[in-house]
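Okay, structure first, notes after.
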Amino acid sequence: MSLILGIESSCDETAAALVTSDREILAHQLAGQEDEHAPYGGVVPEIAARAHAEILTPLIAAAPDEAGKCLDDVDAVAATAGPGLIGGVMVGLVTGKALAMAADKPLIAVNHLEGHALSPRLVNPDLAFPYLLLLVSGGHCQILRVEGPGQYRRLATTIDDAAGEAFDKTAKILGLGYPGGPKVEAMAQDGDPKAVPLPRPLIRSKEPHFSFAGLKSAVVRAHHSGDHQSADIAASFQQAVVDCLRDRLEKAIRDHGSCASLVVAGGVAANTPIRAMLEQVADAHEMAFTAPPHWLCTDNAAMIAWAGAERFAAGLTDPLDFVARPRWPLDPNAEKARGAGVKA
Ligand code: KG4
Ligand code: ZN
């Protein structure tokens with residue numbers, strides 16, 4: 001059994017965790033920065049980096065205390081090395097390197113997306129490779145075939161905004177504040193999902209990809225028209241996202257075949273109607289469905305420690321001069337999506 005220290009600082013959550021290769025989470029320390037970013041309606045990179053630098057050291061120090069362990073008991077230090085807001089990523093990675101060097105432990109530079117992608121295996125020991133993954137977060141919206149640590153085939157990606165970004169922007173337009181996803185979901189409960197006619201970009205398209213920019217613009221127009229209640233806009237928007245995700249997933253399964261399991265990960269996976277739709281798709285294709293618990297869907301360090309444990313078991317460690325990466329695709333061989341911006 002190995003014990004991994006995980007560090008996460010790629011966006012607006014600072015976190016440290018101690019996780020064993022036996023799937024035991026011995027410690028999890030997490031500090032959000034919502035109050036610092038709320039006045040700006042989104043994450044301000046410079047504020048995030050400074051906040052990580054202030055909070056990370058005491059958070060890491062608290063983890064071994066919580067677990068009744070010391071740094072010497074740790075087998076490897078896993079830190080998010082990208083993709084993300086580069087200032088924050090550097091804070092976490094440099095701290096991880098310093099600890100690894102001081103304690104003479106191996107460093108594992110974790111791709112944040114791999115943290116999300118492997119997180120369902122932390123809670124579900126029966127989830128075997130390969131599985132079909134819908135990765136939906138604030139920065140990414142992808143369908144991937146997960147074949148093992150470091151082995152991904154990207155089947156679809158967004159050509160513009162990510163699904164979580166669309167939720168956050170809709171929340172901003174409706175004046176719900178930040179972070180938007182949970183607020184839009186809560187407001188949608190009081191609305192009619194059929195009340196506002198909104199587009200479903202790229203639905204039934206021959207291209208496999210996602211697009212949410214046009215949906216966002218339609219939400220702006222619906223709001224400015226003054227013809228609709230905010231709750232109806234929220235519900236109709238959420239339904240449009242559900243429909244787009246379902247259509248693209250069905251296409252991926254048609255084009256590439258199914259797997260034994262359908263898995264969802266990333267912050268948007270916390271959304272209940274999206275989970276319900278995914279369960280239906282899995283049922284229809286006789287796939288098992290795995291969704292991590294809500295706390296494991298949004299950014300955290302347990303998933304980074306777990307990805308570290310999986311990589312460590314596969315003999316994958318990294319040199320101390322590993323460079324932080326603002327962009328870092330899980331499948332470097334994936335073709336660039338037609339019409340896509342740099343994010344894809
Ligand atoms: O994975 P995550 O914590 O950070 C990134 O790596 O992006 O995902 C955050 C995203 C945000 O866009 C947030 O609005 C969205 O996940 N989100 C949700 C919900 N909870 C979080 N979106 C829809 N419904 C939710 N309940
Ligand atoms: Zn994330």
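All heavy atoms count here, side chains included; hydrogens, waters and symmetry mates do not.
At a threshold of 4.5 Å between side-chain heavy atoms, the hydrophobic network of Ile, Leu, Val, Met, Phe, Trp and Tyr places V184 and V219 in one connected group. Tracing side-chain contacts under 4.5 Å through hydrophobic residues (I, L, V, M, F, W, Y), one reaches I233 starting from I173; they form part of the same cluster. Hydrophobic clustering, with ILVMFWY side chains joined whenever heavy atoms are under 4.5 angstrom apart, keeps V44 apart from L85. V94 and M101 fall into different hydrophobic clusters, where Ile, Leu, Val, Met, Phe, Trp and Tyr are joined by side-chain heavy atoms under 4.5 Å apart, directly or via other members. Hydrophobic clustering of Ile, Leu, Val, Met, Phe, Trp and Tyr side chains at less than 4.5 Å, counting indirect connections, unites F237 with V220.
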>> I'd like to know whether H112 forms a side chain to side chain donor-acceptor pair (under 3.5 Å) with S10, so could you lay out the CA-CA distance, the side-chain angles of the two residues, the decisive distance to 0.1 Å, and finally the verdict.
In response: CA-CA 8 Å; H112 177 85; S10 66; 3.2 Å; yes
> Should D299 and H116 be marked as a side chain to side chain donor-acceptor pair (under 3.5 Å) after you check the CA-CA gap, both sets of side-chain angles, and the distance that decides it?
Replying inline: CA-CA 8 Å; D299 288 350; H116 281 300; 3.0 Å; yes
> Yes or no on side-chain contact (heavy atoms from CB on, under 4.5 Å) for L133 and V264, after CA distance, side-chain angles and deciding distance?
Replying inline: CA-CA 6 Å; L133 171 73; V264 65; 5.8 Å; no
>> L3 vs K69, test: side-chain contact (heavy atoms from CB on, under 4.5 Å). Steps then yes/no.
In response: CA-CA 10 Å; L3 178 65; K69 299 277 180 192; 4.1 Å; yes
> Where do C11 and V43 land on the side-chain contact (heavy atoms from CB on, under 4.5 Å) test, with the steps shown first?
Replying inline: CA-CA 8 Å; C11 191; V43 179; 4.2 Å; yes
>> Pair I253, M287 - check side-chain contact (heavy atoms from CB on, under 4.5 Å), show working.
In response: CA-CA 11 Å; I253 293 170; M287 300 163 86; 4.1 Å; yes
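With hydrogens and angles ignored, the 3.5 Å screen pairs no side-chain donor or acceptor of T57 with any backbone N or O of A53. A donor-acceptor contact shorter than 3.5 Å links the side chain of H28 to the backbone of A301. Between the side chain of D168 and the backbone N or O of G180 there is at least one donor-acceptor pair closer than 3.5 Å. In this structure a side-chain-to-backbone donor-acceptor pair under 3.5 Å is missing from S261 to V263. A distance-only check finds a donor-acceptor pair linking the side chain of K105 to the backbone of V74 [under 3.5 Å]. Side-chain N or O atoms of Q238 include none that pairs as donor or acceptor with a backbone N or O of A240 at under 3.5 Å. Remark: side-chain polar atoms of H209 are paired, donor with acceptor, to backbone N or O of T157 under 3.5 angstrom. Proximity of a side-chain donor or acceptor of T80 to a complementary backbone N or O of G82 within less than 3.5 Å is not detected. Side-chain N or O atoms of T14 include none that pairs as donor or acceptor with a backbone N or O of I55 at under 3.5 Å. With R154 contributing its side chain and D331 its backbone, the two residues share no donor-acceptor pair below 3.5 Å.
No more than 12 heavy atoms of other residues, nucleotides or ligands sit less than 6.0 Å from atom CD of Q229. Atom CE of M90 has 12 or fewer heavy atoms from other residues, nucleotides or ligands within 6.0 Å.
When all heavy atoms are compared, the tightest approach of L174 to S230 is CD1-O, 3.9 Å. Taking every heavy atom of both residues into account, D75 and P106 meet most closely at O-CD, 3.1 Å. Residues C70 and P64 share a closest heavy-atom pair of CA-CB, 4.2 Å. When all heavy atoms of L155 and A252 are compared, the pair lying nearest together is CD1-CB, 4.5 Å. Nearest heavy-atom pair across C244 and F210 is O-CE2, 4.3 Å. Minimum interatomic distance between L330 and A117 (heavy atoms only, all atoms of both residues): CD1-CB, 4.5 Å.
No side-chain heavy atom of L122 sits under 4.5 Å from any side-chain heavy atom of P292. Put simply, the side chain of V241 reaches to within 4.5 Å of the side chain of F167, judged on heavy atoms. Side-chain contact between H228 and H223 is absent, with no heavy atoms from C-beta onward closer than 4.5 Å. In this structure, L135 and L144 have side chains that are in contact, with non-hydrogen atoms separated by less than 4.5 Å. Contact check for R121 versus R23: side-chain heavy atoms found under the 4.5 Å cut-off. In this structure the side chain of E185 reaches within 4.5 angstrom of the side chain of P273, judged on heavy atoms. Between M187 and L176 there is a side-chain heavy-atom pair separated by less than 4.5 Å. Looking at heavy atoms from C-beta onward, P83 lies in side-chain contact with H140 at the 4.5 angstrom threshold.
Note that CG of L316 is 10.5 Å distant from CD of E310, once rounded to the nearest 0.5 Å. Put simply, CZ on R153 and CG on L132 are 10.0 Å apart, with the number rounded to the nearest 0.5 Å. From I274, atom CD1 reaches atom CG of L245 across 5.5 Å, with rounding to the nearest 0.5 Å. Atom CG in D65 sits 13.0 Å away from atom CD1 in I60 (nearest 0.5 Å). To the nearest 0.5 Å, atoms CZ (R200) and CZ (R246) are separated by 11.0 Å. The CD atom of Q142 lies 6.5 Å from the CG atom of L113; values are rounded to the nearest 0.5 Å.
Here D161 pairs with K169 in a salt bridge; the nearest charged N to carboxylate O distance falls below 4.0 Å. Salt-bridge check for E54 with R50: failed, with every basic side-chain N at 4.0 Å or more from each acidic carboxylate O. Ion pairing between D255 and K251 holds under the 4.0 Å rule for side-chain N and carboxylate O. Salt-bridge annotation for E165 and K216: absent, with no side-chain N of the basic residue lying under 4.0 Å from a carboxylate O of the acidic one.
Separation of the Y152 and W328 ring centroids does not fall under the 6.0 Å cut-off.
Under the 6.0 Å distance and 45° angle rule, R145 does not count as a cation-pi partner of F129.
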